[in-house]
Every structure is written in structure tokens, then in C-alpha cells.
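Chain naming here is simple, since letters A, B, ... match the order of the sequence lines and numbering starts at 1 in each.
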Amino acid sequence: MSTTMTAPTSTNRTPANKPTTVVRVLHSEWVKARTLRSTWITTAATLLVIIGFGLIAARMQVSTHGTATGGPGNPPGISRNPLSTVLTGANLALLIVAVWGATVGAREYATGMIRTTMSAAPKRLPVLWGKLASFGTIVVPTLAIALAAAFFAGMRVLSGGDLPTMAWGDAGVARAVLGMGYYILGIGLIGLALGVLLRATAAAIGTVIGAVLFLPALASALLPTSWDTVLQYLPSNAGESFTTVTQGVGRLAPGAGALVFTAWVVVAIAGAAVALQRRDV
Amino acid sequence: MIEVINLTKRYGTVTAVDGISFTVQPGVVTGFLGPNGAGKSTTMRAILGLDRPTSGTTLVNGRPFRDAPAPLSELGAMLEAKSLDKGRSARNHLLAIGATIGVGARRVDEVLELVGLTEVGGKNAGGFSLGMGQRLGIASALLGDPGTIMLDEPVNGLDPDGILWIRTLLKRFAEEGRTVFVSSHLMSEMELTAEHLIVIGQGRILADMPMQSFIQRSSQHRVMVVSPDAPRLRDALSRPGVAVTSDAADRLEIEGITAREVGELAAVHGVTLHQLTDIAPSLEEAFMELTRDTVAFHGTVASHQGIAA
């Protein structure tokens, strides 16, 4: 194989092309995810928020209610639910991951990259699976590490201040912590699906935060209580059923809530898949 | 090989492409010409499977592009140069796309070298100039070493060096037996690069023929004469079918007669000639003549409406 200089020649080529399988498209999406700096910034932010806020909240409880420093105005023992305390950061992490998912879904439409992507994978659907999988590949371990660290380190801080704690083995605790991770991941996936569906970052973020996270709270305030049976099926209300240790009033049972929430995730992804298949890129 | 069969694409009520059919053959550079809004990009998007046809089919190597086992190694395309993520380096951009056909760092570095972006491969594509973005777009089209290459306005934003480079590259690919389909609005560039022409106007194919035939078909052949006896020659030329114009006392531009006939006529009348030149029409003239009535957005139309209003 002779390579002659300057003039462009295609004789200097490595023909190593293999068929474009779903696995190769997944790999392509993974390369895309890991080569964006924002991926790692958001990962760090999620870790920081969940672990950091959990520890800060636990310390605050200790300093206001703990035996060591508890003054007469702050009788020991009257503290918040220990699990909500150590998972304080989860609410903010939920917003971060929701925005993250929406951005992952809509980003290529905003940049124009989608044309290149779909020209390399014209079957289209594997691209969606790839985006969901690579998003999950990063978000799942991030949430697992962050929630575990926040739970165990936070409980240690609380017990150091002689405040009530919860153990992993206590009834409903493991379910609530794992459920919180599942809920945040699911909202992220809904955000991603909305990003693909709406093809615009701002619209997707607005929809996932406004319609999915805030609208249910607004609805229960505005609608008569007779609507509560319907409202409990909304994603955020369904999520609440399995992310807390004690079952709230007007909430589904944890198992049913998880199923309903999963159904929302599946519907969002199915909607994105159908839109992706049908419309022009 | 690219085949477009009865392709129609409507966006709402606007018909972008209206039942067109053509075949792009391997071995030659095929130019795709048309005024703005004629349907060039729509056709290319349909070939790539980005837009679903309203009716009709497009085939790459005999099958719809979406059914290609390894799309990137069958058809390498660049539609708009900035079809990339600004937050990713050129090299990572190519690695991500290449992963769909299992090509890795080695091929990516080869292609970066080929388009002259080795130095800036690690830099974010967002900081690239139009010309560099164009080169990166071409790099991604070449990544899979495809048998068919389709480029929309590839010389857009390239410097003269880059234009020469892409021209040489496209001709080389055609010589290697690949199918090369390239659109451009730069007539002079197209005239130098393409051997075959497909002309589109208002969503219809106006011409599909070799470049030479297209130019020769034009009625714009003219003969230019410089003569001290121009008025006498002009009289001798006054016959039906011959049009003479003049922009200088000793210069005539003649249409409807060959240079040879002008020379013989001058000899018969004893007219001295200082210059006798056959002016072949350019692609641009041939194109303008063909598309005069099909330009979607006519400058004069707008001004008429302005007056009426």
C-alpha cells in the first residue's frame, strides 16, 4: 500500500468497518456522554448536593437539638425525621437530574449533531436506547454512592449527637432510600424522553419540572379533595409513596406507587420512541 | 449508487420536491445544481433517511439507507458543516460517530490527517472557523471509507487552498469508482469539479446530463469580433436569426452564427479583422437560462409587489 504525500488519497485507509448493531450505537452514545465535560460536572454536582447537604442538615440537627449543645430552648429529641434529614439533598438532586435528563435528550437537536447521529444510525431507535442506557450508566452508580454515603454518614452524625436514627434494616428504610434513587433516576429518564420528544432544551426542562414535579402539588391545592384518588396517580405523588418510610394520607401503597411511577417512565419513553420513528429528524 | 424514484416531499402545504427521479452513477462527480429553495437539501435529507418522503423512494446501493448494515461505510454525507456538538473535541466527535461501525482511534487520526485537522483534533469543535467546521464535516463523511459520498455545499467557507483540495479529493474518489454527489451554488467551482449535472428547480428535475452537453445545449454561444470596419461588418451580418450588439466602436458581439461563418463573411466583404473569438457559454449562463423562470424567490417579483402595495 503506497502512500503518496500531500494529495488526498484514500489508499491510506484502514477498512475496519463492522455492521452497525444496537451495541455499537450504544457504544457511540457512551463515547458521546463521557466526552462532554458537562456530564462530569453534573455528576459531581449530584454527588456533592446529596452527600454535602445530607451532612450539613444532620449537623444542623445536632447543633440545635443534640444533647451535646442542646440548650433549654431546644429540648433534645424533638428533631426532624432522621431519614428526611440525611436525604435533604435528594430534593435538589432531583431537580439537577431532571434538568440533566432533559438536556441529554434535547442537546443534539439544539446543536445540529442529531443530523450526523441519525445519518450514522438511520434506524434511529437504537440512538434513543443508547442515550437512555448511557445516562443510566452514569446516574445509577452516582445515586447509589451518593445516597449510601448520605445515609450512613448522616446517621453516624445524628447518632454522634445522640439524636434518633434509623438503621438500614429498619422497616421501610431500605425501600425508601432505594426508592429515592429509583425516583430520581426515573424523573431523569422522563426528562430525557421529553427532551427527545420536544427537541428543545428549555421546553423539556420546563415540562419536566413544571408539569411533572410541580403541577401535582398545585393541582391538589386547587382541586377539591374528591380528586385525590386521581391525583395519587400523578408521577410525583406516586413517587412519594415509595420514597418515604411512612405512608402518607391519600397516597398509594409503596408497591403500587412504584408500578404507577414506572408506567409513567415507560409512557414517556414510548412517546419519545414513537415520535422519533415517525417524524423528520 | 444513489437512486431517487418518484420522490415527493411536502412540508404542510409547501411541496419542496415534486415527484423527482434520477440516478447518481459511480465513477463520476455528479453536481446537484439549483436555486435556493429548489429542493436540493430536501432531496439529500430524504436520501439519508432524515426526512420521510411523502411518496416515492430513495435507495443507496439498491436499498433504503436505513436498511444499510453499516450506514457510515456505505454513504458518507455532510449536510451542514455545523452538525456537531460544540462542547466536544473534533477527535472525540469522530470517535463517537466511528463507534457505530467499530472504527477507532487509528482511523480517526488518519481522517483528521487527511482533512488537515491533526493539530486541532483535541480542541473543542465549537471554536472552529466555518472552514475548519467544513473540514470536520468532510472528515466524518469519509470516516467509514464509504463507496458513496454526498456533500451539500462542501466548499462553503473554504479558502482557495481548501477549495482546490476538495476538488482534487472528489475527483480522486470518482476515479476510484465511488459515487460522488455534491451540491453547490458556486457555478465556476461546479464547472471545474463535476462531470455530470442534475439541475433542480421548484422541486422538479430540469436537466440530467453530462456537463458538456448541458453547456453546449445553451443558446448562449457568441462570437466576438474586433474590426476597424465594424459598421460594414455589422451591415453584412444583418440577416434573420443573427443578433449583433456592440459596446465599443470597433467591437461586435454576435449571436446566432458561428465564428467560422463570421470569418468567411468578412473575407467576402473585404473587412479587416483584428480579432475573431468564439465565446463558449459558461455553466452559469447555461444555468441561468434554464432556471430563469423557475427561481423560487425572484428579486424583481418582490419589487413589483412593493410598487403595487
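Contact of A/Arg278 with chain B is made through the backbone alone, with heavy-atom distances under 4.5 Å. Only the side chain of B/Lys9 comes within contact range of chain A, with at least one heavy atom under 4.5 Å from a heavy atom of that chain. Of the atoms belonging to B/Ala46, not a single heavy atom falls under 4.5 Å from chain A.
For A/Leu92 against A/Val49, the heavy-atom pair with the smallest separation is CB-CG1, 3.7 Å. When all heavy atoms of B/Thr58 and B/Ile47 are compared, the closest pair comes out as OG1-CA, 3.6 Å. Counting all heavy atoms, side chain and backbone alike, B/Leu151 lies closest to B/Met44 at O-CE, 3.5 Å.
For chain A, the option among B/Leu50, B/Asn124, B/Leu48 with the highest count of heavy-atom pairs below 4.5 Å is B/Leu50. Heavy-atom pairs under 4.5 Å with chain B were tallied for A/His27, A/Lys32, A/Arg37; the largest tally goes to A/Lys32. For chain A, the option among B/His93, B/Arg88, B/Arg66 with the highest count of heavy-atom pairs below 4.5 Å is B/Arg88. The most heavy-atom pairs under 4.5 Å with chain A, out of B/Ala96, B/Ser83, B/Ala70, come from B/Ser83. By number of non-hydrogen pairs under 4.5 angstrom with chain A, the leading residue of B/Glu80, B/Lys82, B/Glu74 is B/Glu80. Most heavy-atom pairs under 4.5 Å with chain B, from the set A/Pro122, A/Ala120, A/Gly112: that is A/Pro122. Of all the listed residues (A/Gly130, A/Ser28, A/Pro19, A/Ser38), the one sharing the greatest number of non-hydrogen pairs under 4.5 Å with chain B is A/Ser28. Chosen from B/Thr100, B/Leu72, B/Val115, the residue pairing most often with chain A at heavy-atom distances under 4.5 Å is B/Thr100.
The existence of a salt bridge linking B/Lys40 and B/Asp152 is excluded, since no basic side-chain nitrogen approaches an acidic carboxylate oxygen closer than 4.0 Å. A salt bridge between B/Arg45 and A/Asp280 is absent, with no side-chain N of the basic residue lying under 4.0 Å from a carboxylate O of the acidic one.
Inter-residue side-chain proximity for B/Ser21 and B/Asn6 is flagged as met; some heavy-atom pair is nearer than 4.5 Å.
Residues A/Glu108 and A/Thr117 bring a donor and an acceptor atom of their side chains to less than 3.5 Å of each other.
No more than 12 heavy-atom neighbours from other residues, nucleotides or ligands sit within 6.0 angstrom of CZ on A/Phe214.
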